[in-house]
> 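Got a structure for you, written out below as structure tokens; questions coming shortly.
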2 protein chains.
Amino acid sequence: MHLTLSSFTPNIVHDIYVKNPLQSTLGTEILRVGNELIAEIGFEAFTFKKLATQIGTTEASVYRYFENKHKLLLYLTSYYWCWVEYHILMRNNNLLDACRQLKNVLEIIGRPIKADDKNLNQEILFYNIINESSKSYLVKSVDELNKVGLYFNYKKIVAIISDIILKINPDFKYVHMLVSTVIEGIHHQIFFANHLPSLTDTDTEENYLPDFYYHLILSTIKND
Amino acid sequence: MHLTLSSFTPNIVHDIYVKNPLQSTLGTEILRVGNELIAEIGFEAFTFKKLATQIGTTEASVYRYFENKHKLLLYLTSYYWCWVEYHILMRNNNLLDACRQLKNVLEIIGRPIKADDKNLNQEILFYNIINESSKSYLVKSVDELNKVGLYFNYKKIVAIISDIILKINPDFKYVHMLVSTVIEGIHHQIFFANHLPSLTDTDTEENYLPDFYYHLILSTIKND
DNA sequence: TATTATATGATAGTAATACTATTATATGCA
DNA sequence: TGCATATAATAGTATTACTATCATATAATA
């Protein structure tokens, strides 16, 4: 299902950027080419110098949008979680069955966002989420960044999914733990399937990942 | 329970290091101080220059042991997984009950290795595993490194735990997926509890993490 | 229309990083 | 005694991760 997206604007906290990249041509180029270049050479080898050269601008200009490459990564991951949230709301709107809602969520998280986004290539963004997004919080500055709300979009997704699960079993005590385990799990399994296959069980079925985690969640929250 | 450790020697594949750090005083200093310094300033800010200065040696000498800091991180994580393997074998030796074996494993993974290791401070090593170990595989070179066996020790742990679970239910199809989800899950939850508490459910019970994942595994593999 | 604010470009510079190379010295073993 | 090996001392290079300054172009505003 494709959506018309004129309505989508990501809700990203200001402290992530110096200057809003979505309000200028150069800004959107930084996002678009940044996304591609990180995917191509990896976050460690990625530099603002290389990015500037590819865009045809200068390093100094890139620094006017983002303090450093880590903040750009944070922006990209936040942008991704905004899309996830948007899709969850779209697909679960008017749905009463919480189990169906949960299934939808797992499918959304398990593959690239299906949308014609004018700013970012969503296939590439998903690739970066799998490969690089953990690095957005596995840093010494995590507490400082968290204090000013830079992980807001991720935390919101965990809250939304937790609420769905609590509709299935309101008494389950460890929802947040379960949800963050599953989100990280899905993304990690995709990485393992591609690179360290003995850590997973690749399967020909299209939907095996969402199905596996759906089963895992339902079994875990069941009272017995 | 403390063990006498004269018997422990890590089984780490040669390609991780240039020169075996356990065969010289400088080598063990690199491991010991490297472990501490990574924990102190974080892997991104950590450099061989700083490490050399703290040890009182030169950058060039550190490079004789490890090609780069990423290989040192890989060494430290492999060292950790060797200890985990050793402890699993010790504690599960002569145990027939697979459920009891599984519980032991989850407890071992959920806290620092309890051992007087003469080379590395295990509390600090565990801290680094939580905060940095994902970075040992989330790199562009993962396939290349995997080809020469640099993830051997991690993969072996997943295989060992998978075998235990298969003793409980030999028909379960997704053991490796479940096991790597749980291992990553436990370590991530510790990180979240410390830094992003809304992504987890901290609890006063001492053993809530291993208990939660024990329940999760048992529920998931149950036939119904 | 003139004024001014804002965005970008062009250029330069600096301290630190991630190495490599060379030469000298010390220690251990045959 | 000679030889191999390990480390120290020193130097050097390209790249990274920024910061600063000044010029120019464009847009908004008075």
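Just so it is clear, the model here is predicted, and its values are computed rather than measured. Letters A, B, ... are given to chains in the order of the sequence lines, protein chains preceding strands, and every chain is numbered from 1.
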> Which residues pass the ring-ring contact (aromatic ring centres under 6.0 Å, His included) test with B/His188, sequence neighbours left out?
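B/His188: ring-ring contact (aromatic ring centres under 6.0 Å, His included) contacts with A/His188, B/Phe192.
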> Remember a base hit wins even if backbone is also touched, and classify B/Phe66 as base, sugar-phosphate or nothing at under 4.0 Å, heavy atoms.
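Counting heavy atoms under 4.0 Å across all strands, no contact is made by B/Phe66.
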> Which residues pass the salt bridge (charged side-chain N to carboxylate O under 4.0 Å, His left out) test with A/Arg32, not counting sequence neighbours?
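Expected list: A/Glu29, A/Glu36.
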> Output yes when at least one side-chain N/O atom of B/Tyr65 is less than 4.0 Å from OP1 or OP2 of D/dT7, else no.
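For B/Tyr65, the contact criterion (side-chain N or O under 4.0 Å from OP1 or OP2 of D/dT7) is met.
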> Nucleotide by nucleotide, 5' to 3', does protein get under 4.0 Å of the base (B), only the sugar-phosphate (S), or neither (-) in nucleotides 10-30 of chain C, counting heavy atoms?
-------SBBBB---------
> Using whole Å, report how far NZ of A/Lys71 lies from C1' of D/dA17.
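The answer, rounded to whole Å, is 15 Å.
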> Please list all pairs passing the salt bridge (charged side-chain N to carboxylate O under 4.0 Å, His left out) test where one or both residues lie in residues 128-154 of chain A, with sequence neighbours left out.
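Residue pairs with at least one partner in residues 128-154 of chain A: A/Glu44-A/Lys135, A/Glu132-A/Lys135.
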> Could you pull out all residues at least two apart from A/Tyr174 that satisfy ring-ring contact (aromatic ring centres under 6.0 Å, His included)?
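For A/Tyr174, the residues satisfying ring-ring contact (aromatic ring centres under 6.0 Å, His included) (neighbours in sequence not counted) are B/Phe212.
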> Residues in ring-ring contact (aromatic ring centres under 6.0 Å, His included) with A/Phe126, at least two apart?
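If we apply the ring-ring contact (aromatic ring centres under 6.0 Å, His included) test to A/Phe126, skipping adjacent residues, the hits are A/His187.
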> What pairs meet the salt bridge (charged side-chain N to carboxylate O under 4.0 Å, His left out) rule with one or both residues in residues 71-87 of chain A, with sequence neighbours excluded?
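As it turns out, the salt bridge (charged side-chain N to carboxylate O under 4.0 Å, His left out) pairs with a partner in residues 71-87 of chain A, which skip direct neighbours, are A/Glu67-A/Lys71, A/Glu85-A/Lys156.
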> Contact list please: residues 16-35 of chain B against DNA chain C, heavy atoms, distance less than 4.0 Å, in numerical order.
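Nucleic-acid contacts, sorted: none.
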> According to the Watson-Crick and G-U wobble definition with distances under 3.5 Å, which dot-bracket string, read 5' to 3', encodes DNA chain D, using [ ] for crossing pairs and | for pairs with another strand?
||||||||||||||||||||||||||||||
> Any sub-3.5 Å donor-acceptor pair from A/Asn146's side-chain atoms to A/Val142's backbone N or O?
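Side chain of A/Asn146 to backbone of A/Val142: no pair is present.
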> Pairs in or reaching into residues 53-63 of chain B: which pass salt bridge (charged side-chain N to carboxylate O under 4.0 Å, His left out), with residues at least two apart or in two chains?
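Sorted pair list comes back empty.
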> Sequence neighbours left out, what pairs pass ring-ring contact (aromatic ring centres under 6.0 Å, His included) with at least one residue falling in residues 9-40 of chain A?
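Qualifying pairs: A/His14-A/Tyr17.
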> For A/Tyr151, which residues count as a ring-ring contact (aromatic ring centres under 6.0 Å, His included) partner, sequence neighbours excluded?
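With neighbours one apart ignored, the set is empty.
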